Asker: 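Can you keep this structure in mind? I'll have questions shortly.
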Amino acid sequence: MPGADFPTSPEALESEWLHRVLQRAGALPAGARITGFHAEALGEGAGLIGQVCMVALHYAEGAAEAPARIIAKFPTASPENRAVADTYDMYRREVHFYAGLAGRAAIATPRCWFASLAPDSSDFALLLEDISDRRLGDQTLGCGAEDARTAVDALAKFHAAHWDATDDPALAFAPPHANPAQAAGMAAGFRAGWPRVEEQFSELVPPEVMDFAPRVPERVGALLEELCRPPLTLVHADYRLDNIFFAAKPTHPPVTLIDWQSIAKARGPLDLAYFLTQSVQLPERRRHERELVQRYHAALCAGGARNYSFEDCWLDYRRAALYLLCYAVVIAGTLELGNERGIALARALLSRSCAAIADLRAGELLPA
């Protein structure tokens, strides 16, 4: 693509470029030489917003300590999904995160060996550590209480580290979640997606949600403003099981988090509600929900958060659960899902989200 001096798709990868970049990043021991590679698409259902592939590296010699495999990430090949990524500036956010913030994010992330964005387009490339030796969550299946506690603890530590400190110039690349593109995009995406939800997924939507859902688009901006009143922190904004790797060995961090395309500034329960209402198995969420929100709030305060009561946290959690219906509707109703797992994922998000909104009576918080 014009302006990009790096590969912007798996097909454009070259052995010499990989060798040069990994050597410059210090990933290769002295004498190791990449002579070839094999790239394979990673994971059924992956790639809604980006092309992700596993790259197996071949060496001539001296490769005992060299990475056998790395992850390469590029823009999606789907024009419709690329439009979604461009609307929310997703590629720029992730490149800036890995290039400047990942090392002090207060939550484990894959090591990054290359992160670059084209100067005149949203073309980008990332080369990341292969962390497949850890246990990846599965949002379609959902998780139980033990994994939920682990994920909540890691999230609270991340939020506490950036609590009420989002005016740091180093975080300028992360916009407030209540930005015009987010509000307009969510409203438009909801309006476009809701007819498809009504037609194809109506059995997943409780009557009380079905009743008020058509009014959500005109209230999205007001919901966002409430979720972005100080005190703010950094939020991942896509904190779900498919982006969370759990430790499989004692040497692994409890949680390693990927896909930083949506990083923003907001109140922390935005992430918490997305995880609990759309990634935790429905009976487990109902059984442990208040305990998990209390656990998050206690850890947040222990990490240094001030002037934020549990009552404020619970209200923000309910309000976020309502707003996050937009995510489920956009995914279920507008994205080109591509395969059976993508459809199953959309159904899981939508059914859990709607059930949580009904359980929490979150519809009462829809602005007048």
Side-chain angles (χ1 to χ4, degrees), residues 138-145 148 152 183 185-224 226-227 237-242 267 269-294 296 313-335 337 340-368:
D138 186 333
Q139 192 172 14
T140 303
L141 297 177
C143 73
V152 165
M186 285 291 98
F190 198 106
R191 289 191 183 98
W194 184 247
R196 181 176 171 187
V197 169
E198 287 187 299
E199 179 183 350
Q200 299 185 16
F201 304 110
S202 61
E203 78 279 8
L204 305 178
V205 184
E208 57 267 47
V209 178
M210 189 69 76
D211 180 59
F212 72 72
R215 302 195 301 275
V216 167
E218 63 194 67
R219 271 87 167 175
V220 165
L223 280 172
L224 278 170
E226 288 293 326
L227 289 167
D238 199 15
Y239 198 74
R240 58 189 180 91
L241 278 178
D242 283 359
R267 290 200 164 194
L270 180 74
D271 280 340
L272 181 67
Y274 191 32
F275 177 75
L276 293 185
T277 68
Q278 298 191 28
S279 283
V280 178
Q281 294 164 1
L282 180 57
E284 293 288 273
R285 194 265 304 161
R286 284 174 167 160
R287 187 176 300 118
H288 300 285
E289 182 171 50
R290 194 167 183 89
E291 166 215 330
L292 289 165
V293 178
Q294 290 172 331
Y296 166 83
C313 184
W314 183 253
L315 179 60
D316 285 339
Y317 174 77
R318 292 176 63 219
R319 185 175 283 118
L322 175 61
Y323 161 69
L324 290 162
L325 177 63
C326 295
Y327 282 32
V329 169
V330 168
I331 290 173
T334 67
L335 289 184
L337 300 173
E340 291 185 4
R341 190 186 182 280
I343 296 172
L345 176 62
R347 291 182 64 87
L349 266 65
L350 188 62
S351 61
R352 293 178 193 145
S353 175
C354 289
I357 289 168
D359 292 344
L360 293 163
R361 297 174 63 183
E364 298 173 354
L365 301 175
L366 193 68

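Every value quoted in this text rests on a predicted model; they were computed, and no experiment measured them.
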Asker: My understanding is that only residues two or more places apart in sequence, or in another chain, count here; which of them pass salt bridge (Lys or Arg N to Asp or Glu O under 4.0 Å) with R287?
Answerer: E284
Asker: Report the residues that fulfil side-chain contact (heavy atoms from CB on, under 4.5 Å) with A358, sequence neighbours left out, ordered by chain and then residue number.
Answerer: P206, E208
Asker: C326 and V216: which non-hydrogen atoms are nearest, and at how many Å?
Answerer: SG-CG1, 4.0 Å
Asker: Grab the two heavy atoms, one from L322 and one from G363, that are nearest each other, plus how far apart they are.
Answerer: CD1-CA, 4.4 Å
Asker: Among all residues two or more places apart in sequence or in another chain, which pass the salt bridge (Lys or Arg N to Asp or Glu O under 4.0 Å) test with D359?
Answerer: R285, R286
Asker: Is there a side-chain contact between C354 and L350 (heavy atoms, below 4.5 Å)?
Answerer: yes
Asker: Give every residue pair that meets the salt bridge (charged side-chain N to carboxylate O under 4.0 Å, His left out) criterion with at least one member in residues 273-282, sequence neighbours excluded.
Answerer: none
Asker: Once you round to the nearest 0.5 Å, how far does OH of Y323 lie from CD of E226?
Answerer: 14.0 Å
Asker: Residues in side-chain contact (heavy atoms from CB on, under 4.5 Å) with L315, at least two apart?
Answerer: R318, R319, L365
Asker: About how many Å separate CG of L270 and OH of Y239, when rounded to the nearest 0.5 Å?
Answerer: 13.0 Å
Asker: Closest approach of A321 and A273, non-hydrogen atoms and distance?
Answerer: N-CB, 3.8 Å
Asker: Indicate every side-chain donor-acceptor pair of residues 185-195 with a distance under 3.5 Å to a residue at least two apart or in another chain.
Answerer:
from	atom 1	to	atom 2	distance (Å)
W194	NE1	E198	OE2	3.3

Asker: For Y296, enumerate each residue passing the side chain to side chain donor-acceptor pair (under 3.5 Å) test, keeping only those at least two apart in sequence or located in another chain.
Answerer: H159
Asker: If I compare all heavy atoms of V197 with all of V205, which pair ends up nearest, and what's the gap?
Answerer: CG1-CG2, 4.1 Å
Asker: Measuring from atom CZ of R347 to atom CD1 of I331, what distance do you get when rounded to the nearest 0.5 angstrom?
Answerer: 15.0 Å
Asker: Who are the salt bridge (Lys or Arg N to Asp or Glu O under 4.0 Å) partners of R219, not counting sequence neighbours?
Answerer: none
Asker: Testing the basics here: between A148 and L292, what is the closest heavy-atom pair and its distance to 0.1 Å?
Answerer: CB-CD1, 4.0 Å
Asker: Within this structure, what is the OG1-CD1 distance for the pair T140 and I343, rounded to the nearest 0.5 Å?
Answerer: 11.5 Å
Asker: Apply side-chain contact (heavy atoms from CB on, under 4.5 Å) to Q139 and list each qualifying residue two or more places apart in sequence or on a separate chain.
Answerer: R240, L241, D242, Q278, S279, L345, L349, R352
Asker: Taking only residues two or more places apart in sequence, or in another chain, which ones meet E291 in a side chain to side chain donor-acceptor pair (under 3.5 Å)?
Answerer: R149, H288
Asker: So how far is it from L325 CG to I357 CD1, rounded to the nearest 0.5 Å?
Answerer: 4.0 Å
Asker: Roughly how far, to the nearest 0.5 Å, is the CD atom of E289 from the CH2 atom of W314?
Answerer: 4.5 Å
Asker: Can you sort out the partners of R361 under salt bridge (Lys or Arg N to Asp or Glu O under 4.0 Å), two or more places apart, ordered by chain and number?
Answerer: E364
